Number of protein chains: 2
Amino acid sequence: MKGHQVTIIDIAKKLGISKSTVSRALTNNPNVNPETRKAVLEMAKTLDYQPNMLALGLIKNETRMLGVIIPDIQKPFFAAIVSGIQHAVGRMGYRTIIAQSDESPQIEKENIQALMLSRVDGFLICHTRDTRNFDQIKLLYQKGFPLVSFARICQGLPIPKVVEDDFNGLYTTTQHLIERGRKRIALLAGPKHLQASKLRQQGYLSALRQNGIGFDNELVAHTRFLADDVAVAVNRWLALAEPPDAICTIYDGGAVQVMQLLKSRGVNVPGDIAVAGFGNDPASGLVEPGLTTFEQRPYEIGQAAGKHMLDILKKRFGDVPPEITISEGRLVVRGST
Amino acid sequence: MKGHQVTIIDIAKKLGISKSTVSRALTNNPNVNPETRKAVLEMAKTLDYQPNMLALGLIKNETRMLGVIIPDIQKPFFAAIVSGIQHAVGRMGYRTIIAQSDESPQIEKENIQALMLSRVDGFLICHTRDTRNFDQIKLLYQKGFPLVSFARICQGLPIPKVVEDDFNGLYTTTQHLIERGRKRIALLAGPKHLQASKLRQQGYLSALRQNGIGFDNELVAHTRFLADDVAVAVNRWLALAEPPDAICTIYDGGAVQVMQLLKSRGVNVPGDIAVAGFGNDPASGLVEPGLTTFEQRPYEIGQAAGKHMLDILKKRFGDVPPEITISEGRLVVRGST
DNA sequence: AACATTCCCGCAACCGTTCCCATATGGTGT
DNA sequence: ACACCATATGGGAACGGTTGCGGGAATGTT
């Protein structure tokens, strides 16, 4: 059982002085006799005094805690982002409360509510794949909470955002496949309404257009990033009169699943169909053949998001420009193409 | 900028009653007129009142926050544990502050200090691979903090612990290799002082002994779970007059590295040397050939740890037995053996 | 009608800290 | 001797809630 907490009053009593003086001594206030300060500091050490952050937070109205909302910590992408955020804000003494939405907009909403009650000093949010209603985050904005949006961002709010190199990534990857002589390039996309998915699809389309390759609607499949969606898409493509000779995906997880499906069907990769991914997840270097993919550095995305948050927290009064940071990537060519 | 926070005093003023009554109405205290309560509740809603958890925490001396200390959130094992913990304690309204020690005992110590100041209601700790001094966690115990130790546990403290199926895992895996006809089975272990590594090594030794296979000290290598250590070990084994015909590892990450090294040396797996792992990390199903491994379910380990914590928090006064939970596993046989 | 009981409600203390204001003390300038 | 100032300290309000205690009004009991 936790016994009595040592408070500044205990120190004051032991020393026969007032708690005001103890407080001043502890906070490096100059209006205190050096000898008194020394005595207080010593007594604090011998009593093993620990300041009560709750009381302090009540006065200052800050907790030095940041709320981080992500869909799923078990995805390497989000884990790396979290790590980047923590290392960025940790240096300034901020702690992070991680909340998982499990890709549920409802849980996302509840998490925001709960963290608001916990009086976190700010939010770093990556929405679920299904979030279409941004009322909650707008509410946060209205209430004046420092906000940073990353990866799956909320548009239309003047807050800092950090995103992946979406357009460029798929443009580069598609270009690469075309250079490898592929003519019928399929695209495994994400949810239609998701901005990141849209941009990646635009990159893909742009590369096709620029190379005079006609766009075939049959070759684009939208998924919710679920294994079943991928299987349906691959089955459909393989059943086509003219199946694709390459499959470009907007996420590595999907690419790995595509490769496994093709392998089980006896389709040779890259001989019959080349496969490319996006992200350079740990998995992409492990599969056989290695997956060609557009590398992203989620750790750095996290760091950038964390730094934006620190900027807001610091300048609290001189508004921070709602800068949008694009995390640069590069193509990693492996055996799958 | 965050404007004025709505407090119970605001509600009280608007309604012309005292803040005590408002407080009682809001906390379902029976000593309040149903009509008054209704009025308060309505006013709270129209004013969008949010209770201040800091003030509440100051009184109750609790934060409903739990500190979780892990070496590295980017390791799938720890990410899954964190997820399990969060889902277990989240139902009871507890939030988790995740702190990474980056495998540094010093940072681990600092994290514990910082979270103590933040007045978390309890700690769930997995130590670094190098932690040998457990003074910090013992201090926490003395101070009466609810404590749960998992995976890399602190022995000698009467607190709940959740561990992997260490002994049994390596016993089973080694037995499997022997059944496959392997005679010279090497062991890639972890740090010598780490309890989990010790137990796994004992499982390995036990299986050898039981099958009348002599123990060869040359065939055991200790690592700090680093890639360089693995390379050194593999090089040493391959240079032996009588190289091993199987390599058993105590962690999947090491097994994957071993397989890559062997492949780059032109050694056939499992033809020349069989390889087995521990954990069933996501990677083990992706490599070629698939890695035979002893499955662990880190998500469940996290859940068990979270439940232990809830038990302590609930029974606060009727001590909880310092139970040790072993998370059962099973052998997953794939191509590498 | 007098008294006990119940029901609501307000007052004030408290949690641990910061910070403004008042005050005592001693030294300096005139 | 007096006003004046700097320095060091104490007192108390404030942050936003909870809670024990006491009191007044309404009701029930004899």
Side-chain angles (χ1 to χ4, degrees), chain A residues 1-41 43-44 47-65 93 116-121 143, chain B residues 1-41 43-44 47-65 93 116-121 143:
Chain A
M1 194 76 339
K2 274 191 270 192
H4 173 68
Q5 313 274 351
V6 178
T7 73
I8 57 169
I9 299 184
D10 295 320
I11 299 180
K13 275 186 190 157
K14 284 259 183 193
L15 259 38
I17 58 179
S18 79
K19 61 175 182 165
S20 313
T21 305
V22 175
S23 172
R24 272 187 286 262
L26 256 20
T27 53
N28 286 329
N29 187 312
N31 294 335
V32 58
N33 191 313
E35 286 178 29
T36 313
R37 158 163 300 132
K38 190 155 158 285
V40 168
L41 258 29
M43 185 56 73
L47 255 44
D48 190 25
Y49 166 75
Q50 311 271 9
N52 188 325
M53 290 305 179
L54 289 172
L56 216 158
L58 188 55
I59 294 173
K60 298 268 181 76
N61 200 27
E62 69 166 26
T63 54
R64 298 195 85 72
M65 304 252 181
M116 240 174 71
L117 286 189
S118 297
R119 289 289 202 279
V120 292
D121 289 345
K143 296 211 176 209
Chain B
M1 197 76 340
K2 274 191 269 194
H4 172 68
Q5 313 273 350
V6 178
T7 73
I8 56 169
I9 299 184
D10 295 319
I11 300 180
K13 276 186 190 156
K14 285 257 182 193
L15 258 38
I17 57 179
S18 78
K19 63 174 184 170
S20 319
T21 305
V22 176
S23 171
R24 274 188 280 262
L26 256 20
T27 54
N28 285 330
N29 186 312
N31 294 336
V32 57
N33 190 312
E35 286 178 28
T36 313
R37 158 162 302 132
K38 190 158 158 283
V40 169
L41 257 30
M43 185 57 73
L47 258 43
D48 189 26
Y49 165 75
Q50 312 271 9
N52 188 324
M53 291 305 180
L54 288 172
L56 217 159
L58 187 57
I59 295 172
K60 297 268 180 74
N61 200 29
E62 69 167 26
T63 54
R64 298 194 86 72
M65 303 252 182
M116 240 174 72
L117 286 189
S118 297
R119 289 287 201 281
V120 292
D121 289 345
K143 296 211 174 208

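Every chain is numbered from 1, with letters handed out A, B, ... down the list of sequences. Since this is a predicted model, take the numbers as computed values, not measurements.
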To the nearest Å, give me how far apart CG (B:L15) and P (C:dC9) are. 11 Å
Sorted by chain and residue number, the side-chain hydrogen bond (donor to acceptor under 3.5 Å, both in side chains) partners of B:D48 (sequence neighbours excluded) come out as A:K143
Quick test of your reading: applying side chain to side chain donor-acceptor pair (under 3.5 Å), list the pairs with at least one residue in residues 12-27 of chain B, sequence neighbours left out, ordered by first then second residue. B:S18-B:T21
So, do B:N52 and A:L117 sit near enough that their side-chain heavy atoms are less than 4.5 Å apart? no
Output the rounded distance in Å from CD (A:Q5) to P (C:dC15). 12 Å
Tabulate atom names and distances for all N/O pairs under 3.5 angstrom spanning the protein and nucleotides 17-21 of chain D.
residue, atom, partner, partner atom, Å
D:dG17, OP1, B:Y49, OH, 3.2
D:dG17, OP1, B:N52, N, 3.4
D:dG17, OP2, B:I8, N, 2.9
D:dG17, O5', B:Y49, OH, 2.9
D:dG17, N7, B:K19, NZ, 3.4
D:dG17, O6, B:K19, NZ, 2.8
D:dT18, OP2, B:S23, OG, 2.4
D:dT19, O4, B:S20, OG, 3.3
D:dG20, O6, B:R24, NH1, 3.4

Any N/O pairs under 3.5 Å between the protein and nucleotides 23-26 of chain D? List them or say none.
none

Looking at residues 32-41 of chain B, who's got a heavy atom less than 4.0 Å off DNA chain D? none
Kindly calculate the angle separating the two end axes of the helix from C:dA1-D:dT30 to C:dT30-D:dA1, each obtained from five base pairs, and round it to 10 degrees. 60°
Residues 31-39 of chain A, side-chain donor-acceptor partners within the protein, below 3.5 Å, at least two apart:
residue, atom, partner, partner atom, Å
A:N33, OD1, A:E35, N, 2.8
A:R37, NE, A:A25, O, 3.4
A:R37, NH2, A:N29, O, 2.6

Working to the nearest 0.5 Å, report the span between CG of B:L54 and NZ of A:K60. 13.0 Å
Heavy-atom pair of closest approach, residues B:V6 and B:Y49: O-CD1, 3.4 Å
Any idea which heavy atoms bring B:Q5 and B:D10 closest together, and the distance? O-OD2, 3.5 Å
What string of B, S and - do you get for nucleotides 22-28 of chain C 5' to 3' if you count protein non-hydrogen atoms under 4.0 Å? -------
Min side-chain heavy-atom separation A:L41-A:L26 under 4.5 Å: yes
Assign A:I17 to base, sugar-phosphate, or nothing according to its heavy-atom contacts below 4.0 angstrom with the strands shown. sugar-phosphate
Closest non-hydrogen atom pair, A:R119 against A:N61: NE-OD1, 4.4 Å
Atom pair distance, as rounded to whole Å: CG in B:D10 and C1' in D:dA14: 15 Å
Listed by chain and number, what are the side chain to side chain contact (heavy atoms under 4.5 Å, CB included) partners of B:S118, not counting sequence neighbours? A:M65
Residues in salt bridge (charged side-chain N to carboxylate O under 4.0 Å, His left out) with B:R64, at least two apart? B:E62
Please report the distance, rounded to the nearest Å, between CG in B:L58 and C1' in C:dA13. 14 Å
State, yes or no, whether a side-chain contact exists between B:L15 and B:V22 at a heavy-atom distance under 4.5 Å. no
